[in-house]
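Proteins come first, then strands; the chains are lettered A, B, ... in the order of their sequence lines, and each starts at number 1.
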Amino acid sequence: MVEMTRRNLLGAIGIGAGGLATGGALTACSGPAGSAESGTDFAMPTYQPAPDLGIEPFHASETPGMQNVYTEPVTDFFKSVDRGPGSGGTVTSFQLTWGEPSTPLDENPYWQELNERLGVGFEPTFVPQPTFDQKFSTMLASGEVPDLVFVNDQSAVNLQGIRDGAFADLSDVLAGDNILDWPNLAARKEDIWRASLKDGRVYQIPSTVWAITNVIVMRTDLLGQTSTGTAPADADQLLAALKAVTALGSGPGGQQVYGVNKYEPAMWRWIFKTGPDWRLGDDGKLVHVTQTDEYKDMLTWLAGAWSEGVFDPVAMTTNPADIVSGAAIEYRAVSNTFTGAAGLAQDEADLPGAKVDFFDVPGYDGTAPVIVRNIPYGRSTCVSAAAAEDEDRLVEILNVLDYLSAPYGSEEALFVGSGIEGRHYTFDENGIPVSTNEHTGELGVQYVGVVSGPNDYYGHPMNAAWAERFSTVLENMAQNSVARPLEGLETESNTFVTKGAQLGQLWDDFERGVVTGRESADDLESFVDDYMGRGGEQIRSEYERALEERGE
Amino acid sequence: MSAQAETDAGPRADEAPPKPAPARRKLTLRQRMWRERWAYTFIVPGALFFLVFAYVPMLGNVVAFQDYTPFRGFGGSTWVGLANFEAMLSDPEVLMALRNTLIIAVLQLVLAFPAPIALALLLDSLMSARVKRMVQTVVYLPHFLSWVIVISVWQQVFGGGGLIAGVLDGLGVSGFDAMTNADTFKLLVVAQTIWKDCGWGTIIFFAAIAGIPQDRYEAAAIDGAGAWQRMRHVTLPGLVPVATLLLILNIGSILTVGFEQLLLQQPMVGMDAAEVLDTFVYFRGVLGGEWGIATAAGLLKGVIGTVLVLAANRFAKRLGGEGIFLCRH
């Protein structure tokens, strides 16, 4: 009964240290997703850039979707905050882990040092990624919400927690210049805050992310042997080149090679210019990508390519270990090609004779491709509503989060991300921290810190030889990139939130079926009817209403 | 309560003095329980297990009548009457999931249920005890593998890049891939179940075979019955009580057709072929947050299971069997 009283109270008075949440926001909060307010009744948090890194960018760009590219590592690490974040209390967290939880506190110098620096006892609950949503629901049902909670707001159950009042409304606490008390949290632009609002209020601290996180990498040693070469200009030339690579049979090291070895829908959608899942027509109506001619052309082309042996037969596998062949072109993350140590240089080292480079994405019709930019924020962290009832406590929690979220180039980020010098990392000849590959199980104590600062592309010195090409290819992609019309409104369709996973699977299954010949592209129309009937139409109307409320 | 207490006190008082042997049948349940108190003590852990992990969680079924969210809890969520059931029954996905569940269930009952009996008979007919033991060990093994491993192994053998596809490719027949064929998927599921659990299922039938008195075989042999006739007229009738019991119990869980197995393979064949009630509950409830509808679907499954098991029990009794509720006085 006590639990219920507490929850009802929170629901009735509104949450947030300021205790000033308005009635309007609360009404929206308890209603269905579609009832969101479009405007805000507080000043958006002030943007205060992170300190200058003292290094020159290799490539500077103002193109929307493009970040500066750096090749020179930071050598002078700045101090992002001057205060001791905590005052001896305890801060609990609920956070994701992809592997084993870290070594226990009493055997973990990193964790001990973290507690020392934070000035609090940091007590995380590690939740394995595959069961995160289940555990999240269990945590909510227990009524005991940890102070800092990792939140994936694209997940229905996570979103339910936000809407039910499990987390503090931080709108007033962080409004305007108030946020300057936490300089690292302030190092994100307004569009990031705006895109992550829920029902017009700040419930989560969002990470900054790259607008473009993936690239296509090509094997120049393979494509170079084809008559098309390494720069096919359209879909026909690309098909010819990919077929020619499959026809080679094997490449360096006797490795079997194919045009493509793993099916990744996104890169084909760039090439066939299908745009985002929902496109906004001139008449203000939303059109699902499966209803477009470009999408049908893409499926037809891919089915043809599959039947001509362009793809490795195991290209549809969900198990990466099944793929042992080489491929002419491959969809990769920027982080494992350019910014991380395991980048293109490592690819070439792993397979002597292989030559790799970034692939300048062509459009299928000989014009430019269409790249869809990511929504401007990534993982987020929420603060427990119960903990936030005490203002001093809320300040301490935000201080801790501010420390954990220090931007790249700061002493704090170096410690949080890399650990203790000598034990977890050493500086290499380039002056960048390199893991000692020892005691790695001690790290990973925290994963609630959000990414702050400019979040540029910091190339790893090992991949410096590709900096020019990377900059050119990314700049081209950014210049041909578009934002999603539903940016910031993704969670405004309740149907999408609850049925999105299933509908996505239905769609993915059909698409893969057409590509592999199990289904036919001629059945696209009946598939679209089915998809729309099972919830797609409902989602469309909910999004259109949200757009209308936003005034578009 | 006090009347109850008096009644309680009576029989216990009766028990002590050696009165002229009262007829045993007149003992009340309470008296019999007291007499067998040590035996009942052994039941306590098992009963507690079911109470804590089966009966208490059943209370959670109230979610089926609520617009439930975890943070608001049972007490804070609004009651919606039968709205979840209405929404569920008008949802084409539930009907699709129910259809798939029933088809797989029937196939499993027809194909997977008799498989261990056949295998047990086959193994029983082996002369060499050593070979028999070896085969038994081999066929038990897959039971201990997780579905992830089983499906990976099947992928390596029957998948598009698997062993059989490779051999057929060499023979000029291309495109073999039994793992992604939606039309035959339900048979694939049953085949995997048989492969994984058939050997394990033979244990109980072996025990039943071992329990058949040897003199019956001898008598049959003296009467001139051959090996085939002995199996038909002695072994098989000896297995009927166990088979009936297992059949009734299986019918109770007939709609549980393998959550992990189907969830893992759904991406390969699609929802239309692989969506069952359990995966529906997972997607709609655990991932989709529509706890009410998902629980309603789960409850429907439970109710159907209960009705089926009671019906099957009654049917078995009519046929002259003992059913599952054995009463021995």
Exercise: identify the closest heavy-atom pair between B:Phe71 and A:Val145: CE1-CG2, 3.9 Å

Point-to-point distance, once rounded to the nearest 0.5 Å, from OG1 of B:Thr69 to CG of A:Leu140: 8.0 Å

Nearest non-hydrogen partners of A:Ala156 and B:Gly289, listed with the distance: CB-N, 4.1 Å

Distance (rounded to the nearest 0.5 Å) between A:Gln505 CD and B:Thr279 OG1: 9.0 Å

Interface moiety of A:Val157 toward chain B, non-hydrogen atoms closer than 4.5 Å: both

Part of B:Met96 within contact of chain A (heavy atom distance under 4.5 Å): side chain

Distance-minimising heavy-atom pair for A:Arg518 and B:Thr180: CD-O, 3.1 Å

Under 4.5 Å from a heavy atom of chain B, the part of A:Arg512 involved: neither

Reported CG-to-CG distance for the pair A:Asp530 and B:Asp272, which is rounded to 0.5 angstrom: 6.5 Å

Which portion of A:Asp322 sits near chain B, non-hydrogen atoms under 4.5 angstrom: side chain

Which portion of B:Gln266 sits near chain A, non-hydrogen atoms under 4.5 angstrom: both

Part of B:Asp183 lying under 4.5 Å from any heavy atom of chain A: neither

side-chain contact (heavy atoms from CB on, under 4.5 Å) between A:Gln160 and B:Tyr68, intermediate numbers included: CA-CA 10 Å; A:Gln160 261 177 2; B:Tyr68 175 85; over 6 Å; no

Between OH on residue B:Tyr282 and CG on residue A:Asp133, distance to nearest 0.5 Å: 7.5 Å

A:Gln256 atom CD, neighbour heavy-atom count above 12 within 6.0 Å: yes

